[in-house]
Amino acid sequence: MPYRIAIVGAGPSGFYTAEALHRLAPDAEIDLIDRLPTPFGLARYGVAPDHQGTKAITRLFDRAAQKPGLRYVGNVGIGRDASVAELRALYDAVVLATGATEDRRLGIPGEELGNVLGSGAFVQWYNAHPDHAALGPDLAVKSVAIIGHGNVAIDVARVLAKTAAEMARSDLSPLAAPHIHGAPVTHIHLIGRRGPVEASFTNAELAELGRLARAAPVVDAADLGVEAPADDKVKQANLATLREFATVDAAGRPVRLHFHFHARPLAFLGDGTVTGLRLLAPQGERDLPCELAVTCIGYRATMLDGVPFDAARGVVPNDRGRVADGLYVAGWAGRGPSGVIATNRADGFALAGRIVAEVKPADRPGRAGLDALLARKNVRPTSWGHWRRIDAAEVAAAENGAPRRKLADWESLSAFLRR
Ligand code: NAP
């Protein structure tokens, strides 16, 4: 009797888990269910548009999607079109691989002001996520505050700092590109509440900020009188890179990337729209002018009916992936927003092994049951074929060396969903 398994979320953790389950149980029927007609989750909508090397992982997922037994069910929102309880009744096991897409909040005054954005919304906007097509940040600004010293902060700074020519080979959203390329930004502030050793940048990402055409890093050498632990190569490399940045001659590069350390945000300032950020630094309080602020301080998973939720951490509590009988969680929804895409590979294999060891197939309705349920609810799922047509149209529309021109709103996507 084959396993019948539903995986909710077709991002990296969903795909790696599906692939691993297929290897361990080749006759398993695996439905990979996603709210969007476009697969790949974070690889399509989170990874920076100019990091095409990282996005290339989608080719591997595309191959996985061709495996017999694996089916993509797009345009079906769990929690909206069907519940987790309904899925659990239909399948032997349900794996939640829904990621962490809600922005963590700083919880300081002024966070609700206009042009104060979370990185989740901002990154998905410039990555052409249809839910954020109308985000409309005002980029007619000179000064931007980016809060957080992680790789997402670097992504946001780099995408704002690069020239149109530097972004030509990216798949930056066509809705965002004119705003980003036309932005008169000259000061980008990267604000960390701790020191250079505690920053969570990886070194390749940090070093890239020193190689931009029109932007130069600005680091105060006085912040660098610290040592990294001898056994931490990444932090040592980061300190060396920051020391190089402290000696950079910025002449000829009009955009400045200012690194601020030990600067704790106290409040966003402004009346309606943000005009500044109040910081608590070792020297005391100071106000930094900014007309756009992007918080890059991490993400929370979304709560789903019938699924336990740790509200403090913003994750689905679990024991090595197990949430309850027949219910599992993979990736950021269970682990929290840390690690790179490849982290999910080993995790996917471990989880698949656990599912196969714990769950016995019980001849449940599986995909036939889901199809009947969706038909009763008048929900029309999309297939891998729909995605293939979207993909082909995006690739065909690409210009000037770009890999694709993304369909960036529901209106343009929906034309491909009717066929
Ligand atoms: P992250 O690496 O955890 O960085 C979050 C930053 O936000 C930290 O500097 C943290 O400071 C700060 N922060 C958190 N709460 C704060 C608060 N209340 N006030 C001020 N600062 C606060 O997370 P991320 O940048 O969102 O990245 C998520 C994961 O994706 C990471 O594993 C990252 O490496 C990965 N990623 C990788 C790439 C890449 O490989 N190119 C690109 C993007 C993301 P503290 O350390 O003091 O808490």
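For the numbers below, each heavy atom of this structure counts, side chains included, while hydrogens, waters and symmetry mates do not. On a predicted model such as this, the values are computed, not experimentally measured, just so you know. In listed order, ligands and their atoms are each counted from 1. When a residue number appears, it is its place in the shown sequence, counting from 1.
By the 6.0 Å contact criterion, CZ on Arg264 is open, its count of non-hydrogen atoms from other residues, nucleotides or ligands being 12 or less. Within a 6.0 Å sphere centred on CG of Asp271, heavy atoms belonging to other residues, nucleotides or ligands number 12 at most.
Counting only residues at least two apart or in different chains, ring pair (Phe, Tyr, Trp, His ring centres under 6.0 Å) contacts with residues 83-103 are absent. Counting only residues at least two apart or on different chains, the side chain to side chain donor-acceptor pair (under 3.5 Å) pairs with a member in residues 169-179 are Gln52-Asp171.
For His149, the ring-ring contact (aromatic ring centres under 6.0 Å, His included) test picks out Phe201, Phe261, with sequence neighbours left out.
Salt-bridge annotation for Arg388 and Asp62: present, with a side-chain N of the basic residue lying under 4.0 Å from a carboxylate O of the acidic one.
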What are the distances between nitrogen or oxygen atoms of ligand 1 and protein nitrogen or oxygen atoms, counting only those under 3.5 Å?
unit_1, atom_1, unit_2, atom_2, d
ligand 1, 2 (O), Ser200, OG, 2.8
ligand 1, 4 (O), Ser200, OG, 3.3
ligand 1, 7 (O), Cys296, O, 3.4
ligand 1, 9 (O), His149, N, 2.9
ligand 1, 15 (N), Arg193, NH2, 3.4
ligand 1, 18 (N), Arg193, NH1, 3.4
ligand 1, 25 (O), Asn151, N, 3.3
ligand 1, 25 (O), Val152, N, 3.0
ligand 1, 32 (O), Gly339, N, 2.9
ligand 1, 34 (O), Asn151, ND2, 3.0
ligand 1, 41 (N), Glu205, OE2, 2.9
ligand 1, 46 (O), Arg194, NH2, 2.9
ligand 1, 47 (O), Arg193, NE, 2.9
ligand 1, 47 (O), Arg194, NE, 2.7
ligand 1, 48 (O), Arg193, NH2, 2.8

